[in-house]
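Here the structure comes first, spelled out in structure tokens, and everything after it is commentary.
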There are 2 protein chains.
Amino acid sequence: MAQRRKKVVAPPTTIRRLSIYFRVLGGLKALGETSTSSGDLANQTGFTAAQVRRDLTYFGSFGKRGVGYDVAQLRQHLASILRVNQDWRMALIGVGNLGRALLSYDGFKNHGYNVVEAFDIHPELVGKTINGLTIHHTRDIHTLFANEQIDMAIVAVPAENAQLVVDQVVDAGTRAVLNFSPAHIRVPDHVKLSNVDLTMEVEYLSHAIHSLKTIAQT
Amino acid sequence: MAQRRKKVVAPPTTIRRLSIYFRVLGGLKALGETSTSSGDLANQTGFTAAQVRRDLTYFGSFGKRGVGYDVAQLRQHLASILRVNQDWRMALIGVGNLGRALLSYDGFKNHGYNVVEAFDIHPELVGKTINGLTIHHTRDIHTLFANEQIDMAIVAVPAENAQLVVDQVVDAGTRAVLNFSPAHIRVPDHVKLSNVDLTMEVEYLSHAIHSLKTIAQT
DNA sequence: CATTGTGAAGAAATTCACAGCT
DNA sequence: AGCTGTGAATTTCTTCACAATG
């Protein structure tokens with residue numbers, strides 16, 4: 001112990017912004033742009049130039065002073081930091097409306113995130129094929145996860161079943177869970193959890209609209 | 001200028017947590033619980049007791065020292081802060097896979113967030129009925145928004161059309177936008193924007209899984 | 001005496017501002 | 001001359017710790 005400690009680890013907020021820079025760089029590349037700058041990235045993302053630069057410094061220095069960043073090169077660096085295009089194998093648990101929408105979500109497949117298994121608890125869905133995937137029963141999660149190495153589980157089941165399902169996928173060795181159910185999920189330290197909470201966003205907005213009125217008097 | 005300034009405005013993070021407390025209180029109420037505490041809420045949300053209390057102080061003091069909080073009463077306070085159950089009128093723009101899933105998302109309708117209009121640009125969808133809603137052409141946004149007072153727009157169109165669509169709904173008077181498209185959207189100050197970025201969450205996880213390996217050596 | 005509400009302290013994230021390269 | 005990379009300052013957010021109180 002008592003090791004020296006520099007500012008080493010990037011905040012979660014930085015990682016999420018990197019994902020956005022990565023996307024913008026993809027756009028620039030598609031347009032044939034070869035060079036960009038922190039100011040340009042700031043413009044296209046709504047963050048500040050200082051923040052763009054600060055975010056990048058957590059991982060290295062990728063630009064040339066006086067010049068800027070090489071689009072392809074910076075994009076490649078971010079791909080490597082974020083680990084995109086690494087043929088991630090994902091399983092979808094819960095093939096309801098939201099689950100089905102996620103199955104065909106372009107943003108996943110196009111970046112190396114492949115849904116390779118689908119599960120549901122409803123007997124009438126089990127055995128059916130959707131987007132080329134046979135739907136399995138959730139009771140078979142453990143067995144099938146063992147065969148196919150699954151890196152990430154997408155959980156889109158009702159709140160009351162969510163913890164149970166997550167326990168199963170964690171038990172089966174999955175190390176990342178993307179949870180869409182409106183429930184507080186507990187996972188052990190070695191598992192990473194990310195929540196997408198649609199109700200929360202809507203309620204945030206309904207609060208925010210209103211408080212504008214209150215603030216808008218200078 | 002040079003006005004005095006107390007800590008008055010709650011951070012956005014607080015608002016989002018309030019939404020989660022609200023949900024937990026709903027669960028407690030359903031179980032017949034009448035009383036709770038910051039410690040209990042902390043347990044059920046994964047935040048800390050101090051944070052629960054701090055979050056609440058931005059809006060008032062709702063508990064009794066030595067006792068805790070009345071479930072129904074605190075829930076009612078949060079409902080009022082978040083403005084749930086106020087019959088919000090929402091419009092969905094983009095009736096693709098994701099849009100359709102959102103149309104039938106229980107979390108919205110059950111809390112007074114009603115999708116009352118649906119729009120799409122594709123001629124083959126216009127005129128069709130889905131979940132009891134007739135799909136209109138996006139070109140009619142302005143006209144139809146004028147008739148029906150729309151409080152919030154849910155944007156689930158491809159990134160390349162997103163800004164255009166948002167400009168239209170903003171122009172039509174909407175003051176809140178929930179954007180699901182992977183694009184940086186600009187809105188004027190009087191409009192509130194919230195983004196749900198699925199790719200970002202997946203990339204966050206793929207980064208996080210990996211960095212665990214690096215950190216896990218003590 | 002258990003639990004709130006809150007100043008004060010601490011930690012984390014953002015922004016400033018400028019030296020250092022190209 | 002222009003843009004990066006980064007210490008330092010600042011702001012924002014979280015946690016501590018305890019007086020107040022039902």
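Chain A is the first sequence line, chain B the second, and so forth, proteins listed ahead of strands; every chain is numbered from 1.
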What is the distance from [atom1] of [X] to [atom2] of [N], rounded to the nearest Å?
X       : N      : atom1 : atom2 : result
B:Tyr69 : C:dA2  : OH    : C1'   : 13 Å
A:His77 : D:dG5  : NE2   : P     : 10 Å
A:Phe59 : D:dT4  : CZ    : P     : 18 Å
A:Asn43 : D:dC3  : CG    : C1'   : 15 Å
A:Arg16 : C:dA13 : CZ    : C1'   : 15 Å
A:Leu41 : D:dC3  : CG    : P     : 13 Å
A:Leu74 : D:dT4  : CG    : C1'   : 12 Å
A:Tyr58 : D:dG5  : OH    : C1'   : 13 Å

**Q.** Protein proximity profile, nucleotides 15-22 of chain D - base contact B, sugar-phosphate-only contact S, no contact -, cut-off 4.0 Å on heavy atoms
**A.** B-B-BBBB
Pair up each side-chain donor or acceptor in residues 20-33 of chain A with any protein partner under 3.5 Å, not counting sequence neighbours, and list the distances.
from	atom 1	to	atom 2	distance (Å)
A:Tyr21	OH	A:Asp55	OD2	2.6
A:Arg23	NH1	B:Asp197	OD2	3.0
A:Arg23	NH2	B:Asp197	OD1	2.8
A:Arg23	NH2	B:Asp197	OD2	2.6

Q.
Checking B:Arg186 against B:Gln163 for the side-chain contact (heavy atoms from CB on, under 4.5 Å) test, could you report, in this order, the C-alpha distance in whole Å, the side-chain angles of both residues, the deciding distance, and whether it holds?
A. CA-CA 7 Å; B:Arg186 289 154 211 266; B:Gln163 182 67 59; 4.0 Å; yes
Q | B:Thr13 side-chain proximity, nearest of C:dG5, D:dC13, C:dT14 | A | D:dC13
Q) Can a salt bridge be assigned to the pair B:Glu203 and A:Arg16 using a cut-off of 4.0 Å between side-chain N and carboxylate O? A) no
Got a list of side-chain donor-acceptor pairs under 3.5 Å for residues 84-93 of chain A, not counting sequence neighbours?
from	atom 1	to	atom 2	distance (Å)
A:Asp87	OD1	A:Asn114	ND2	3.3
A:Trp88	NE1	A:Arg83	O	2.6
A:Arg89	NE	A:Gln149	O	3.1
A:Arg89	NH2	A:Glu148	OE1	2.0

Working to the nearest 0.5 Å, report the span between [atom1] of [X] and [atom2] of [Y].
X        : Y        : atom1 : atom2 : value
A:Leu178 : A:Phe108 : CG    : CZ    : 6.0 Å
B:Asn43  : B:Ser38  : CG    : OG    : 10.5 Å
A:Tyr204 : B:Ile15  : OH    : CD1   : 7.5 Å

Q. Looking across every strand, which nucleic acid part, if any, lies under 4.0 Å from B:Ser61 by heavy atom: base, sugar-phosphate, or nothing?
A. sugar-phosphate
Q) Can you tell me if the side-chain N/O atoms of B:Ser38 get under 4.0 Å from OP1 or OP2 in C:dT4? A) yes
